[in-house]
Every structure is written in C-alpha cells, then in structure tokens.
Amino acid sequence: MLAVAILAAGRGTRMKSDLPKVLHDLGGRSLVERVLDSLAAVRPDRQLVIVGYGGDRVRESLSAIPGVEFVEQREQLGTGHAVQQIIPHLDGFAGDVLVLNGDVPLLRPETLKNLLDTHRSAGNAATLLTAHLPEPKGYGRVFCDGSNRVTQIVEDRDCTAAQKQNRRINAGVYCFRWADLAEALPKLTADNDQQEYYLTDVVSMMSPVMAVDVDDYQEILGINDRRQLSAAYDILQTRVKNAWMMQGVTLIDPASITIDDTVTLGPDVVIEPQCHLRGKTAIGAGSHIGPGSLIENSTLGDRVTVLYSVVSDSTVQADTRIGPYAHLRGQVQVGNGCRIGNFVELKKSTLGDRTNVAHLSYLGDATLGTKVNIGAGTITANYDGVKKHPTVIGDRTKTGSNSVLVAPVTVGADVTIAAGSVITEDLPDDCLAIARSRQVVKPGWRLTVVSDVAAP
Ligand code: UD1
Ligand code: CA
C-alpha cells in the first residue's frame, strides 16, 4: 500500500502574497497541482493534502481532482508538525508513505517511481531524494556516513560555517515505512533556530535511512520566492520547447516564445518569435504561427496561418489564414480555407468553409454559410444595450463595405447588400438589398463662408 502526504499548509511568507504559496501559478497549473501530477507513475492508494493557511482556497482549487483527502493543520508549527496531523487519518494503514513538499513542482514521475522502487527493494525505513546543488543556500544539508546512510539533516539556518560547505541538499521528497514514521513523529522537538517541528529530524530516529541522488537537480527546485517561481518557469519552458523541437516543430527564437505543457503541436509546425500558446491548445501539422500571436484553449487544423493575432477558446479548420491583427474569442468556429483579415474581431460566431472576412469587421453571435464574403467594415450590431441577438447569413452572400446588420436579422443565400446599408429586416434568398438614403446632388450650390461677406 502507498499513501502520499503533500505539505501545503504553509503561508509561504517569502512569496509576499495573499495567495497561499502552493496556489501560485506555474505555466497554467498551480504548484500543488503539479506536485499531484508528478504522482502519475507511483499510483498511490491514498492522497492526503495537508492544508492550513488559506485552506479553503486550497481545498476549492483541488475539489475536481478525484481521491484527494484533506487534512487540517490549524497552526503551522513546521513540516514535522504538518506530518503529525496525518497520524489519525492513517490509523491501521500498513505500507509506505511518500511525503512531498507542496512547493516542489518540477519533479518527473519517473524520479518518484525510482525513489519508491529503491526504498522498497533496499528495505529502508526511510529513503530521501537529494541533489548536489551549485548554490545550496536555503536548503537543508544532508549528511551521510561512508555507505550512503543518512545520519542527519541540518537546515541552512542551523548549519555551522563548516556544515554550509556541504552541497548535498534535501529535496523535501521522502519515502517512509509508515510504522517507523508513526513511531518517530511524536518524538520531534522544536529545538532549533525557528522553533519549529522539523520533519527532517525523524531521520536520526530511524534506520536504515538512505539518500538517492536525483540526476537532474533542476527537478527538485523548491519555490519559496518569486525569483524561484520565475526560474522554475524557465526550466519548464526549456523542457517543453526542447521536447517539441525533437518532435519536428520549428521554433524561431525560442527564448521569445512560451508554450504551456498542455499544448499539442503537429509535425512541421513553425512558431515564429513572440508567440504564446496556452491552455488546452492543439495546432495541426504544417501550421505557421506568428510572429506575435497568442493562442489559448483553441484547436487549429492543418496548415493554418496566424499572424499578429489573438485566438481564444475557438476552433479553426485547415488552410485558414488569420491576421494580421485579428481577434477570435468566445467559441468561434471557422471552417476550411477561410480568410480572417486585418482588424477583424469575431465573437461567438460560426463561419462555413471558404468564407472571407478580410478587413475591419466585427461579427458577434453570427452564423455564416460557406463562401460568404464580408465586405470591409461590415458590422453586426448584435447588442441592443440589454441583450445579445443573432445574425444569420446564407451561402455565397456578399455584404457591401461599411454595412451594418442590426440583429436579430436573417439574410438569405446569394444576397448582395449594397455598400453603406443598414439592414434591419430579414432578406430572402437571391436578392439585392440597398438600405441607405439616396445621394442628392444640387447643381450650382455653393457654401457661403463668413470671409466672403464684405466687411462694413
Ligand atoms: C524544507 C526542508 C529542507 C529542504 C527544503 C526543500 C524542513 C524542516 N526543511 O525547507 O530541509 O531542503 O524543504 O525544498 O522540512 N508546510 C506546512 N506546514 C508547516 C510548514 C510548512 O504544510 O507548518 C509546508 C509548506 O507549505 C511547504 C512545505 O511544507 O509546501 C515546505 O515548507 P518550507 O517552509 O518551504 O520549508 P523549507 O524552509 O523550504
Ligand atoms: Ca520550501
């Protein structure tokens, strides 16, 4: 049996934030969500999250994840005190407990699997993850005897000058045989610089305790302040971008591009500088994104091009060209081979195949058929100040430049609307609609200006 305890009760004072530290966002997921994600390969039977500061917000943010149990730590008296709180919840539990700090978000699932396998095959009472850091300041230092048995962990602030020279640090990730941990926890004292109950003190009460080095020390970076949060984001980005380049995606100037790890990209996608791909976004093969675009929670088909544009919560089919300077938002669906051009905003609208909206338009709550041509400056007046109303436009219809479609309105197929028209009533199929006042020409008329009048 395996139980997991995640320590997420601390405030995270060094973040200088109102938000509990473990809820800070790292590339679209909170720190604690990422810690839960890292459990993918160990498949625990129980998952306990220890909450305290901002506990309601932490519970709320994890409420959709199945199988998570919450344990309250009312006062934050240290990491050892936090783990003491799980004792009544694991009454009668036989097996191992994996304890993780909630602020270590970059762990790879294989690393935890390896830690657990080593712990079990070696028959250890405790096994902890360690790393050799070039810059170990702030971390607990791990001291071992000649045969890699841990004798002591000393917090940075409790270290002597000589102890500080040790670069082997405690990652805050441990495997314990539960029976041994349950026996050691009540014996902890707060006899240290912070007067806290340190979980790390249990190692000197157990035997054997083994340290396992992580290959890539970047995995165990703990987030205590915003600089470390930013460093973690860089590490995550480098991982994601390298992986996509190895899968056949071209990134031009990767340092200027950000890609969430929830994004998927097809082969031969090209991403130009200053592009940001976020959330549940999928981009099909051969698409060309950027420069200068933001795509979030959207699905783009194959060979789509997007230039200097923003696409949110939308779906775009193959061979469609978007931009420059277009904005698609709120469940827009664009068909195959469309063109959405300069300074066009689409909101909650559906466009059939090979429909063009090439210049200076706003279409909201509109449904367009196939091969529609929306003339420059066409606007759907979809909002009467209280409610939004729909506009429907049939196949092959052409709207003239600067026409306004006052919703609710339905325009048939094969309609031509004259430039400058204000369409307020439905139009049948196959007609020409002109809805503007006639041009008036007055021969010989001249403007009389004040300067023409002779001075007295
Ligand atoms: C801890 C370790 C240190 C290790 C480092 C790795 C201890 C005493 N020290 O130090 O050896 O190198 O992590 O990142 O364990 N928490 C609670 N309740 C509390 C206190 C903390 O739930 O009463 C939680 C925090 O929310 C956080 C985690 O425990 O997620 C770690 O606490 P933090 O204060 O960041 O410990 P460090 O000083 O980083
Ligand atoms: Ca920490």
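Numbering of residues begins at 1 and proceeds along the displayed sequence. One-based numbering, in listed order, for ligands and for the atoms of each.
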Would R329 and D313 pass as an ion pair if we require N to O under 4.0 Å?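 D313 and R329: not salt-bridged.
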
Between R177 and D180, is the closest basic N to carboxylate O distance under 4.0 Å?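 Here D180 pairs with R177 in a salt bridge, since their nearest N and O are under 4.0 Å apart.
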
For F176, give me all partners under ring pair (Phe, Tyr, Trp, His ring centres under 6.0 Å), at least two apart in sequence or on another chain.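 F176 satisfies ring pair (Phe, Tyr, Trp, His ring centres under 6.0 Å) with Y174 only.
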
Everything protein-side that's N, O or S and under 3.0 Å from the Ca ion (ligand 2): list it, residue and atom.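 Sorted hits: D103 OD2, N224 OD1.
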
State whether the number of non-hydrogen atoms from other residues, nucleotides or ligands found under 6.0 Å of K371 atom NZ is greater than 12.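 Result for NZ/K371: open.
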
I want to know if ligand 1 touches G172 in the polar sense, i.e. an N/O pair below 3.5 angstrom.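 So ligand 1 has no N or O lying under 3.5 Å from an N or O of G172.
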
Decide whether an N or O pair under 3.5 Å exists between L7 and ligand 1.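 Yes, at least one N or O pair falls under 3.5 Å.
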
What donor-acceptor contacts under 3.5 angstrom involve side-chain atoms of residues 276-283, with partners at least two apart or in another chain?
{"residue": "H276", "atom": "ND1", "partner": "T258", "partner atom": "OG1", "Å": "2.7"}
{"residue": "T281", "atom": "OG1", "partner": "R278", "partner atom": "O", "Å": "2.7"}
{"residue": "T281", "atom": "OG1", "partner": "N297", "partner atom": "N", "Å": "2.9"}
{"residue": "T281", "atom": "OG1", "partner": "S298", "partner atom": "N", "Å": "3.3"}

Salt bridge (charged side-chain N to carboxylate O under 4.0 Å, His left out): which pairs involve residues 207-216, sequence neighbours left out?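 Every pair satisfying salt bridge (charged side-chain N to carboxylate O under 4.0 Å, His left out) with a residue in residues 207-216: R108-D216, R168-D213.
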
R11, R14, Q85, E155: member with heavy atom nearest to atom 11 (O) of ligand 1: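 The option holding the nearest heavy atom is E155.
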
Under 4.0 angstrom from ligand 1, any heavy atom of H81?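 No, H81 has no heavy atom closer than 4.0 Å to ligand 1.
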
So is N224 close enough to ligand 1, meaning a heavy atom under 4.0 angstrom away?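 Distance cut 4.0 Å: N224 passes for ligand 1.
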
Non-hydrogen protein atom less than 4.0 angstrom from atom 9 (N) of ligand 1: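 Within 4.0 Å of atom 9 (N) of ligand 1, protein heavy atoms are found.
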
Provide the number and element of each atom of ligand 1 under 4.0 Å from a heavy atom of A9.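 With A9 as reference, the close atoms of ligand 1 come out as 17 (C), 18 (N), 22 (O), 26 (O).
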
Write out the residue and atom name of the closest protein heavy atom to atom 23 (O) of ligand 1, then the distance separating them to 0.1 Å.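 Of every protein heavy atom, G78 N, 2.8 Å lies nearest to atom 23 (O) of ligand 1.
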
